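Side-chain atoms are counted along with the backbone in the values below, which use heavy atoms only and exclude waters and symmetry mates. We number each residue from 1, following the sequence as shown. Model, not experiment: these values are computed from the prediction.
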Amino acid sequence: MRPVIAVDATHLKSKYKGVMFVANAFDDNRNIYPLAFGIGDLETDASWHWFFTKLHEAIGECPNLVIISDRNVSIENVWNKVFPTAQHGICFYHMKGNMKRTCKLKKHDHILMHFEKAAKSYSIVEFDCHFRKIKRKEHVAQYLEEAGLHKWSRAHMDGRRYNVMTTNIAESINSVLRFARMMPVVHLIGEIMNLLVKWFTERRDLALNCTTTLCPNFGEKKLRNRLEDAARMNVVKVNNAQYNVLDGYMDGLVDLTNNSCSCRKFQLEQLPCKHVVAVCRFLKVNVYSKASRYYTRKTWMDAYSDSIYPVQPHGRWDIPEDVRSQVVLPPMARVMPGRRKKLRIPSHGEGTIRRKCSRCGSGGHNKSTCKNNIPLRNVY
């Protein structure tokens, strides 16, 4: 799978509290692929260093690795000690929330829109176009530059973060396990194993039954959309290796020798952009041959080739004598009075979404639980 890992941590809700660390990636069909779980006491430098060390033992030395996280100080301090050759990126959604809070921006400020477009830009030219508009507010531009353009901008990053711009996959795992996080640690691990058994079985069957060259929900879907766009483009041959593609907006110069395009989408996604697709149609070349192996059906099957087995009952565990002889005491935890919190605490700058009932128009509930009286329409 693409070497981009999203890491995050979430609080446990059991009696002894603690923190659960997660590291996830995307599989070839854009499904969440959990790589590692860890349980610690707090989000400290020592805890994150331990988790990154265990993650390194699990995945080994991975070339072109990119780690995506929020702006946690402990992650900033330790990630490069364990993965010295990796690149580190910031989740642009967290960056947006921090910028909104620090620079005191309004919810619908145009600067936020230009920041989002600048972060997702593939080319430096497109990035500069949006960043010039951000510079109208000098304190906002200064804040983003101090954070590091290469941290949150896809165009400025030395490595490839593909289309992974946020840590949503890690947040999603936390959401899936929101009830399991209220259980003791042993039962939490059992729930995680049962979840992985279910996911691996379902996705292995999907991969076996797949008939397309690329994965259907991502690579194949994107490439088919680009085939439709490329049908309306004109290709001009510059020389035997380079072709200029006229698309009516920002023309693309495709170099087949270097497998590159001036829009940089081909290089950063490793999937043919619309300009490369147009050149392949012009030359009658199979466009699938230009796609990276990360998007192929075979790689998708390889990701789920191993089986994960559920945890056996406690009576069947084979516990070594040196482990059995150890006395492990529960953590020193102070249980605060009152009901324990179950809902997630929003981050700084993160707005709350107030939903309305589609039946009566009031807030705080939906139509399935609505008990308000509504007037009947006049029937003639």
message = Assigning hydrophobic clusters by single linkage (Ile, Leu, Val, Met, Phe, Trp, Tyr; side-chain heavy-atom cutoff under 4.5 Å), is F26 placed with L35?
response = yes
task = Look up atom CE in M20 and atom CD1 in I192, then write down how far apart they are to the nearest 0.5 Å.
result = 5.5 Å
task = Step by step, work out the side-chain contact (heavy atoms from CB on, under 4.5 Å) result for H365 and C360.
result = CA-CA 10 Å; H365 63 276; C360 67; 3.5 Å; yes
query = Run the side-chain hydrogen bond (donor to acceptor under 3.5 Å, both in side chains) check on N239 and Q242 step by step: do they pass?
reply = CA-CA 5 Å; N239 51 51; Q242 296 179 316; 3.1 Å; yes
message = Tell me if a side-chain donor or acceptor on R154 pairs with a main-chain N or O of Y162 at a distance below 3.5 Å.
response = yes
task = Search all heavy atoms of G361 against all heavy atoms of K356 and return the closest pair with its distance.
result = O-CD, 3.8 Å
ask   = Remaining members of L42's ILVMFWY cluster at a side-chain heavy-atom cut-off under 4.5 Å?
value = none
query = Is any side-chain N of the basic residue among K120 and E116 closer than 4.0 Å to the acidic one's carboxylate O?
reply = yes
inquiry  = Is there a side-chain hydrogen bond (donor to acceptor under 3.5 Å, both in side chains) between W317 and Q312? Walk through the geometry before answering.
reply    = CA-CA 7 Å; W317 292 5; Q312 296 297 315; over 6 Å; no
inquiry  = Please evaluate residues N72 and S69 with respect to the criterion side-chain hydrogen bond (donor to acceptor under 3.5 Å, both in side chains), reporting the C-alpha separation (whole Å), side-chain torsions for both, the decisive distance (0.1 Å), and the verdict.
reply    = CA-CA 8 Å; N72 185 284; S69 71; over 6 Å; no
Selection residues 46-68 - residue pairs positive for salt bridge (Lys or Arg N to Asp or Glu O under 4.0 Å), sequence neighbours left out = K54-E57
ask   = With ring centroids as reference points, do Y304 and W199 lie under 6.0 angstrom apart?
value = no
message = Among K137, K104, K100, exactly one meets salt bridge (charged side-chain N to carboxylate O under 4.0 Å, His left out) together with D109. Which residue is that?
response = K137
key: Aromatic ring proximity, centroids under 6.0 angstrom, F218 and Y295   = yes
ask   = Sub-3.5 Å donor-acceptor pair from the side chain of S123 to the main-chain atoms of E126, do we have one?
value = yes
task = Take N64 and R2 through the test side-chain hydrogen bond (donor to acceptor under 3.5 Å, both in side chains) and record every step on the way to the result.
result = CA-CA 9 Å; N64 304 318; R2 293 167 293 171; over 6 Å; no
task = Assess the side chains of S172 and S175: does a donor N or O sit below 3.5 Å from an acceptor N or O?
result = no
task = Please go through Y243's hydrophobic cluster and name the other residues, only I, L, V, M, F, W, Y counting, with side-chain heavy atoms under 4.5 Å joining them.
result = M233, V235, V245, V254, L256, F266, V276, V279, F282, L283, V285
H108 atom NE2: more than 12 heavy-atom contacts under 6.0 Å = no
query = Among all residues two or more places apart in sequence or in another chain, which pass the side-chain hydrogen bond (donor to acceptor under 3.5 Å, both in side chains) test with D251?
reply = none
request  = For residues G252 and C261, report the shortest heavy-atom separation together with the two atoms involved.
outcome  = CA-SG, 4.2 Å
task = Indicate the atoms forming the closest heavy-atom contact of A118 with S153, along with that distance.
result = O-OG, 4.1 Å
ask   = Under a single-linkage definition using a 4.5 Å side-chain heavy-atom cutoff for Ile, Leu, Val, Met, Phe, Trp and Tyr, are L268 and Y294 assigned to the same hydrophobic cluster?
value = no
F200 six-ring face occupied by R204 cation (under 6.0 Å, within 45°) = no
message = Please determine whether side-chain contact (heavy atoms from CB on, under 4.5 Å) holds for the pair D70 and I75, giving the CA-CA distance in whole Å, both sets of side-chain angles, and the decisive distance to 0.1 Å.
response = CA-CA 8 Å; D70 56 16; I75 297 176; 4.0 Å; yes
ask   = Any salt bridge between E76 and R71, counting N to O under 4.0 Å?
value = no
key: Check: N258 side chain, S260 main-chain N or O, donor-acceptor pair, under 3.5 Å   = no
Residue list, side chain to side chain contact (heavy atoms under 4.5 Å, CB included) with K117, at least two apart or on another chain = M113, H130
task = Specify the closest pair of heavy atoms between C263 and Y122, including all atoms of both residues, with the distance to one decimal.
result = O-CB, 3.4 Å
message = Side chains of D41 and S47 only: does a donor on one sit below 3.5 Å from an acceptor on the other?
response = yes
request  = Answer yes if the side chains of S325 and D322 hold a donor-acceptor pair under 3.5 Å, and no otherwise.
outcome  = no
query = Are any side-chain N or O atoms of E138 and backbone N or O atoms of K135, one a donor and one an acceptor, separated by less than 3.5 Å?
reply = no
query = Do the two ring centres, one from F52 and one from W48, sit under 6.0 Å apart?
reply = yes
Salt bridge (Lys or Arg N to Asp or Glu O under 4.0 Å) contacts touching residues 253-270 (sequence neighbours left out) = K222-E269, R226-E269
query = Are H88 and K151 linked by a side-chain donor-acceptor pair shorter than 3.5 Å?
reply = yes
query = Any salt bridge (Lys or Arg N to Asp or Glu O under 4.0 Å) pairs touching residues 276-299, not counting sequence neighbours?
reply = K298-D302
request  = Could you go through the side-chain contact (heavy atoms from CB on, under 4.5 Å) check for V19 and L12 one step at a time?
outcome  = CA-CA 5 Å; V19 176; L12 300 180; 6.0 Å; no
query = Between the main-chain N or O of N31 and the side-chain N or O of N29, is there a donor-acceptor pair closer than 3.5 Å?
reply = no
query = Is L196 reachable from M183 through a run of I, L, V, M, F, W or Y residues, each pair having side-chain heavy atoms under 4.5 Å apart?
reply = no
request  = Go through the structure and list residues passing side chain to side chain contact (heavy atoms under 4.5 Å, CB included) with N168, not counting sequence neighbours.
outcome  = T166
query = Are I5 and I68 close enough, and set up right, to give a side-chain contact (heavy atoms from CB on, under 4.5 Å), and what steps lead you there?
reply = CA-CA 6 Å; I5 298 176; I68 309 294; over 6 Å; no
Distance-minimising heavy-atom pair for P34 and N24 = CA-OD1, 3.3 Å
message = Can a donor-acceptor pair be found, under 3.5 Å and without considering hydrogens, that links the side chain of R30 to the backbone of N217?
response = no
key: Pair R232 + D229, salt bridge at N-O below 4.0 Å   = yes
ask   = Given the rule that I, L, V, M, F, W and Y join up when any side-chain heavy atoms are under 4.5 Å apart, are V186 and I308 in one cluster?
value = yes
query = With A46, which residues qualify under side chain to side chain contact (heavy atoms under 4.5 Å, CB included), at least two apart?
reply = T44
inquiry  = Taking atom NE2 as the centre, does H11 end up with more than 12 heavy-atom neighbours from other residues, nucleotides or ligands that are less than 6.0 angstrom away?
reply    = no
ask   = Between Q142 and E146, is any side-chain donor less than 3.5 angstrom from a side-chain acceptor?
value = yes
query = Are I32 and L55 connected, step by step, through hydrophobic side chains (Ile, Leu, Val, Met, Phe, Trp, Tyr) whose heavy atoms are closer than 4.5 Å?
reply = yes
ask   = With a cutoff of under 4.5 Å between side-chain heavy atoms, which Ile, Leu, Val, Met, Phe, Trp and Tyr residues group with I111?
value = I90, F92, M95, M99, L105, L112, F115, F127, F131, I134, V140, Y143, L144, L149, W152, M165
H275 and D247: side chain donor to acceptor below 3.5 Å = yes
ask   = How would you list, by chain and number, every residue that makes a side chain to side chain contact (heavy atoms under 4.5 Å, CB included) with I189, sequence neighbours excluded?
value = V185, M193
message = For D45, give me all partners under side-chain hydrogen bond (donor to acceptor under 3.5 Å, both in side chains), at least two apart in sequence or on another chain.
response = S74, N77
